[in-house]
Amino acid sequence: MEQKEPTRLTKNKRAGLLTRFKNIRYDYWLIAILILAAILYAWNIWEAGEANNFYTAAIVSMTKSFKNFWFASFDPAGFITVDKPPVALWFMTISAKIFGVHGWSVVLPSILFGIGSVYLIYNLVHKRFGKVPARLAALFMTLTPIVVADSRTNNMDATLVFFLLLSVYFVQKAVLKNQQRYLWICFSLMGIAFNVKMLQAFMILPALYLYYWLATKISWKKKLIHLTAATIFLTIFTLIWPLSVDMTNSSSRPYEGGSETNSALELAFGYNGTQRLLGQTTGTGGAFPGMGSSSSKKSAAGTPPTTSSKKSSKNAPTPPSGSKKGNAPGGKPGGNAKQGGGPGTGGAGGGAFNIGTAGPLRLFQKELGPQISWLLIIALLGLISSYFYYRGSKMKRWYSLTPQRKELWLWTGWLVPVFGFFSVASFFHPYYTIMLAPAISVLAGIGVFTMIKQWKEKSEWSMFLPIAILGTSILQVWYIYDDYKILAWILLALGVLISIPLFVLPWISIKFKSKRTLAIAEVILVLIAPTWWSLTPTIAGSSDGIPSAGPSLLSSGAMGGGGVGSGSVNNTLLKYLEKHQGSAEYLFATDDSSTAAPYIIQTGKSVMAMGGFNGTDKAITLKQFKKLVKEGKLKYYYAAGKTGSSNSEIVSWIKKHAKKITLKNSSESAVSSITTSTKTDSSASAPSGSQPGSTPPSGSGGAPKGMKKPSSKKKMKKPSKKPSGNNAPGGMSEGMSGGPGGQSGTLYDLSNIYD
């Protein structure tokens with residue numbers, strides 16, 4: 001009997017599990033929505049090429065050692081890090097370690113996190129509001145254009161949104177289960193989210209405190225104790241990584257890219273913190289519009305020109321005009337934005353910093369709206385509608401809280417601070433607006449449900465539905481008019497035709513049998529345009545450093561994957577460097593990471609980006625540089641990127657003492673002649689009229705963060721393996737003629753300086 005009892009228990013457990021599995025009720029609408037999300041986020045991702053090559057280069061480096069993995073080193077030698085914390089890159093590195101480094105493998109975690117976010121939206125809404133609002137919210141999240149674009153890149157934003165939603169899941173569970181440990185998990189996850197993209201994560205932190213305070217049925221003293229304990233967990237998980245960096249001797253770790261003082265905490269609260277709100281002053285070279293600096297109209301930062309080096313002797317960057325290749329957010333052809341401005345002015349060219357004019361209506365403007373705001377009117381009116389719909393029959397006061405109203409406060413607490421930030425901030429990329437997607441999707445999903453209910457019941461709030469549909473239709477028509485004029489007029493006519501009965505029927509005493517059909521038609525109408533915008537990154541196979549959605553992705557020359565700079569490798573240059581590297585630790589040094597990234601990705605070798613991402617980090621001194629040269633660890637310097645103020649002293653020393661190498665294409669030998677440069681002349685200086693940190697000419701393979709290089713190819717699956725032709729991997733022209741393939745760039749031999 002003693003031996004048979006465990007067997008019976010085991011059988012009973014198995015039977016119980018099978019019964020539970022059989023009794024699971026699947027929501028097939030949810031399954032369909034998740035499949036749709038998987039298609040939108042993953043289809044054609046094999047065309048990703050190098051994705052965002054700034055981060056892909058870091059992923060290559062992070063696979064080399066645990067030290068590089070922990071610190072998020074940009075290069076295999078561990079000289080400098082990327083300008084973000086490592087958590088999102090950790091997942092990408094693990095994927096690359098399993099599947100190898102490919103465009104699709106480094107993007108795979110973002111795809112999975114994007115799909116996971118859709119499921120979490122459904123789960124969070126379903127618990128309090130039911131299946132229909134949950135399905136609508138999940139569908140709206142899936143079809144938000146910037147969510148699709150972000151989920152197809154190896155940027156951090158899809159990962160960040162997932163962890164934020166996971167935090168909300170656990171704070172909601174802490175309330176429903178009345179168990180404090182879930183609150184600890186929630187705030188621990190918020191600390192992890194901080195280490196995905198730093199202070200951006202904390203924009204929703206007030207919502208978590210507010211929700212737990214309002215929703216838990218315990219005394220205020222216990223609430224205070226619980227939230228204090230949770231804050232301790234938040235502090236621990238927030239600081240564990242940046243403190244580990246700052247407490248490590250600077251000689252034993254890479255320089256913290258993007259920081260001014262080689263500090264992860266300073267990076268978090270400066271470059272990735274207050275400067276995002278007040279205007280960027282470091283790590284950019286001071287040449288990008290929309291960051292509190294002005295530039296000449298001849299240099300629209302953010303838009304690589306489409307002219308070749310032969311067309312401009314000065315290589316002065318100029319914005320495209322009348323072309324859809326500009327890829328401005330929202331798909332507006334040409335995409336030219338206004339220039340310069342101090343804090344509070346948004347613009348920039350070509351989409352990278354094209355953030356409109358600061359103010360309460362910024363998110364409705366064409367610069368940002370077509371990425372995120374298609375359903376924003378419905379979300380705002382839906383919030384009011386749902387707040388009064390869920391007022392409860394036993395309420396003593398109109399403002400009393402029901403369980404549903406407490407949830408609405410949670411999502412309002414998410415929406416308001418994020419909306420406020422993007423309305424006034426001086427520096428951000430349009431794709432950051434994915435932060436608004438969960439709150440807009442949830443409030444719009446619940447709002448559509450409640451507005452239809454109120455309309456069918458002919459309540460005093462019944463006019464919210466027709467106002468929301470008509471207002472949304474007009475807004476969407478305005479967004480699409482530049483690209484699809486005929487379709488815009490058709491959608492406007494449909495919006496008016498559907499809105500008329502919506503306005504009239506609640507006030508006349510007739511029975512309308514097709515109310516459900518009309519409601520479905522309303523939802524379909526407001527989803528037509530954003531669905532098409534969401535499809536464009538999938539159709540184009542885009543995986544861009546600055547993700548965006550819109551018809552401009554489908555224009556000739558704009559399709560295919562492109563990372564930050566979409567830099568290409570010059571094979572003649574690479575052959576020469578590999579042949580003569582010898583025992584040197586670095587293949588070569590250059591000014592910025594956009595030049596270095598393609599070479600790191602292709603070779604897996606160390607390339608020193610002296611000034612970090614934009615060439616402006618003070619990562620190395622002249623004394624340290626001389627020591628590396630003297631010890632034979634560094635033999636070559638390639639002048640092709642932006643020469644920032646941080647390394648101008650080093651560059652001047654190189655040009656004064658090093659040998660200038662002239663390379664020509666040949667089948668066997670990479671070198672045809674060597675000339676000595678003993679002084680810096682005008683031909684080796686920055687182009688006339690340009691500034692340090694300005695956008696590189698189209699002949700370059702590198703670009704400032706997030707800039708897409710114009711391409712004459714429809715697809716560029718492996719850009720790093722193609723000869724560069726007239727394209728120099730890097731940014732600013734050195735004015736050298738006779739280079740490989742006619743490229744603008746100069747190679748300097750440092751090995752004989754101390755002979």
Trainee: Take atom OH in Tyr182; do more than 12 heavy atoms of anything else shown fall under 6.0 Å from it?
Mentor: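 Check passes, neighbour count above 12.
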Trainee: Parallel, tilted or perpendicular: which fits the ring planes of Phe163 and Phe91, with parallel below 30° and perpendicular above 60°?
Mentor: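 Aromatic pair Phe163/Phe91 classed tilted.
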Trainee: More than 12 heavy atoms of other residues, nucleotides or ligands under 6.0 Å from CH2 of Trp478: is that the case?
Mentor: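 Count over threshold, so yes.
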Trainee: Is any side-chain heavy atom of Ile384 closer than 4.5 Å to one of Leu380?
Mentor: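 No. Closest side-chain heavy atoms not under 4.5 Å.
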Trainee: Look up atom CD1 in Ile452 and atom CG in Leu136, then write down how far apart they are to the nearest 0.5 Å.
Mentor: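 Answer for the CD1-CG pair, Ile452 versus Leu136, is 7.5 Å.
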Trainee: Might you point out which heavy atoms bring Trp213 and Lys223 nearest each other, and give the distance in Å?
Mentor: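 Trp213 and Lys223 have their closest heavy atoms at O-NZ, 2.6 Å.
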Trainee: If we only count heavy atoms from C-beta on, is the Thr144 to Leu436 side-chain gap below 4.5 Å?
Mentor: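 Thr144 does not reach Leu436 side chain to side chain.
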Trainee: Students often mix this up, so state it plainly: with edges at 30° and 60°, are the rings of Tyr431 and His429 parallel, tilted or perpendicular?
Mentor: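 Geometry flag for His429 against Tyr431: parallel rings.
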Trainee: Looking at Lys131, I'd like to know if its NZ atom is crowded, meaning that more than 12 non-hydrogen atoms belonging to other residues, nucleotides or ligands lie closer than 6.0 Å.
Mentor: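 Result for NZ/Lys131: enclosed.
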Trainee: Where is the tightest heavy-atom contact between Ile355 and Phe428, given as atom of each residue plus distance?
Mentor: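 Between these two residues, the closest heavy atoms are CG2-O, 3.2 Å.
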Trainee: Can you name the nearest heavy-atom pair linking Leu143 to Leu36, along with the distance?
Mentor: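 Taking every non-hydrogen atom into account, CD2-CD2, 4.0 Å.
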Trainee: Classify the angle between the aromatic ring planes of Tyr481 and Trp489 as parallel (below 30°), tilted (30 to 60°) or perpendicular (above 60°).
Mentor: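 Ring orientation, 0 to 90° scale: perpendicular.
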Trainee: Do Leu208 and Leu205 come within less than 4.5 Å of each other through their side chains, counting heavy atoms only?
Mentor: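 The answer is yes; the side chains approach within 4.5 Å.
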Trainee: For the residue pair Val442 and Trp414, establish whether any side-chain heavy-atom pair is separated by less than 4.5 Å.
Mentor: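 Not in contact.
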Trainee: Start with the C-alpha gap between Ile372 and Ile434, add the side-chain angles, then the distance that decides, and say whether side chain to side chain contact (heavy atoms under 4.5 Å, CB included) holds.
Mentor: CA-CA 7 Å; Ile372 187 63; Ile434 190 178; 6.0 Å; no
Trainee: Take atom CD1 of Ile31 as the centre, draw a 6.0 Å sphere, and report whether it contains more than 12 heavy atoms from other residues, nucleotides or ligands.
Mentor: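 Yes - once you tally the heavy atoms of other residues, nucleotides and ligands closer than 6.0 Å, there are more than 12.
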Trainee: Quick check for you: to the nearest 0.5 Å, what is the distance between Leu408 atom CG and Ile446 atom CD1?
Mentor: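 Those atoms lie 5.5 Å apart.
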Trainee: Is a donor on one side and an acceptor on the other found under 3.5 Å between the side chain of Trp455 and the backbone of Leu502?
Mentor: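 Checked: pair present.
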Trainee: Is the ring centre of Tyr390 less than 6.0 Å from the ring centre of Phe129?
Mentor: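 Between Tyr390 and Phe129, the centre distance is under 6.0 Å.
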Trainee: What distance separates Leu34 CG from Ile115 CD1, expressed to the nearest 0.5 Å?
Mentor: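 One finds 7.5 Å between CG of Leu34 and CD1 of Ile115.
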Trainee: For Tyr122 and Asp27: C-alpha separation, side-chain torsions, deciding distance, then whether side chain to side chain donor-acceptor pair (under 3.5 Å) applies.
Mentor: CA-CA 10 Å; Tyr122 174 90; Asp27 188 335; 2.5 Å; yes
Trainee: Please check this pair: side chain of Ser534 against backbone of Val148, looking for a donor-acceptor N/O pair closer than 3.5 Å.
Mentor: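 Side chain of Ser534 to backbone of Val148, a donor-acceptor pair under 3.5 Å: no, none is there.
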Trainee: Starting at CD of Glu522, measure out to CD1 of Ile498 and round the result to the nearest 0.5 Å.
Mentor: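 Glu522 CD to Ile498 CD1: 6.5 Å, rounded to 0.5 Å.
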Trainee: Got a donor-acceptor contact below 3.5 angstrom from the Ser542 side chain to the Asp544 backbone?
Mentor: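 Judged by distance alone, no pair lies under 3.5 Å.
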Trainee: Give a yes or no answer on whether the side chain of Arg152 reaches the backbone of Val107 with a donor-acceptor pair at less than 3.5 Å.
Mentor: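 No; zero donor-acceptor contacts below 3.5 Å.
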Trainee: Given side chains that start at C-beta, do those of Leu525 and Ser473 come closer than 4.5 Å, heavy atoms only?
Mentor: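 Yes, at least one pair of side-chain atoms sits under 4.5 Å.
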Trainee: Which distance, rounded to the nearest 0.5 Å, do you find between the CG of Leu376 and the CG of Leu475?
Mentor: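 That separation rounds to 8.0 Å.
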Trainee: Would Val161 and Asp157 count as a side chain to side chain contact (heavy atoms under 4.5 Å, CB included) here? Give the steps.
Mentor: CA-CA 6 Å; Val161 168; Asp157 299 82; 5.6 Å; no
Trainee: Quick check for you: to the nearest 0.5 Å, what is the distance between Gln172 atom CD and Leu410 atom CG?
Mentor: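 That separation rounds to 7.5 Å.
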Trainee: When Phe140 is tested against each of Val147, Ile33, Val448 for side-chain contact (heavy atoms from CB on, under 4.5 Å), which residue passes?
Mentor: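 The residue from Val147, Ile33, Val448 that satisfies side-chain contact (heavy atoms from CB on, under 4.5 Å) with Phe140 turns out to be Val448.
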Trainee: Okay, side chain of Arg362, backbone of Glu367: is any donor-acceptor separation there less than 3.5 Å?
Mentor: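 No, because the side chain of Arg362 does not come within donor-acceptor range (under 3.5 Å) of the backbone of Glu367.
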Trainee: Let me see the working for Tyr479 and Trp533 under side chain to side chain donor-acceptor pair (under 3.5 Å), right down to the final yes or no.
Mentor: CA-CA 11 Å; Tyr479 287 157; Trp533 249 250; over 6 Å; no
Trainee: If you compare all heavy atoms of Ser385 against all heavy atoms of Gly447, which two are closest, and at what distance to 0.1 Å?
Mentor: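 For Ser385 and Gly447, the tightest heavy-atom pair comes out as OG-O, 4.4 Å.
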Trainee: In sequence, state the C-alpha distance, the side-chain angles, and the governing distance for Thr472 and Trp374, and then conclude on side chain to side chain contact (heavy atoms under 4.5 Å, CB included).
Mentor: CA-CA 7 Å; Thr472 299; Trp374 298 92; over 6 Å; no
Trainee: Would the distance check show the side chain of Ser459 and the main-chain N or O of Trp461 forming a donor-acceptor pair, the cut-off being under 3.5 Å?
Mentor: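 Yes; at least one donor-acceptor contact below 3.5 Å.
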Trainee: List the steps and the verdict of side chain to side chain contact (heavy atoms under 4.5 Å, CB included) for Leu535 and Trp532.
Mentor: CA-CA 5 Å; Leu535 279 169; Trp532 172 243; 4.1 Å; yes
Trainee: Can you say whether the rings of Tyr389 and Phe449 are parallel (under 30°), tilted (30 to 60°) or perpendicular (over 60°)?
Mentor: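 Geometry flag for Phe449 against Tyr389: perpendicular rings.
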Trainee: Where do Ser548 and Ile146 come nearest, in terms of heavy atoms and distance?
Mentor: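 So the two residues come closest at CA-CD1, 4.3 Å.
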Trainee: Please assess Thr231 against Tyr209 for the test side chain to side chain donor-acceptor pair (under 3.5 Å), listing each intermediate value before the final yes or no.
Mentor: CA-CA 10 Å; Thr231 303; Tyr209 282 104; 2.7 Å; yes
Trainee: Treating Gln371 as the side-chain partner and Ala549 as the backbone partner, does any N or O pair qualify as donor plus acceptor under 3.5 Å?
Mentor: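 The answer is yes, because a donor-acceptor pair under 3.5 Å joins these two groups.
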Trainee: Would the distance check show the side chain of Gln454 and the main-chain N or O of Phe464 forming a donor-acceptor pair, the cut-off being under 3.5 Å?
Mentor: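 Such a contact is absent between Gln454 side chain and Phe464 backbone.
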Trainee: For the pair His226 and Tyr212, name the ring-plane relationship: parallel under 30°, tilted 30 to 60°, perpendicular over 60°.
Mentor: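 Tilted: the ring planes of His226 and Tyr212 meet at 30° to 60°.
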Trainee: A side-chain contact here means heavy atoms from C-beta on lying under 4.5 Å apart; do Asp482 and Lys366 qualify?
Mentor: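 Result yes, sub-4.5 Å side-chain heavy-atom pair found.
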Trainee: Between Gln476 (side chain) and Val526 (backbone), is there a donor-acceptor pair under 3.5 Å?
Mentor: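 Present.
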Trainee: Does the side chain of Asn155 reach to within under 4.5 Å of the side chain of Ser110, using non-hydrogen atoms?
Mentor: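 No, side chains not in contact.
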Trainee: Over all heavy atoms of both residues, which pair between Pro133 and Val125 is shortest? Give the atoms and the distance, please.
Mentor: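 Scanning both residues completely, I find the closest heavy atoms to be C-CG1, 3.8 Å.
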Trainee: For the pair Asn154 (side chain) and Pro109 (backbone), establish whether a donor and an acceptor sit closer than 3.5 Å, ignoring hydrogens and angles.
Mentor: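 Flag not set: sc Asn154 to bb Pro109 has no pair under 3.5 Å.
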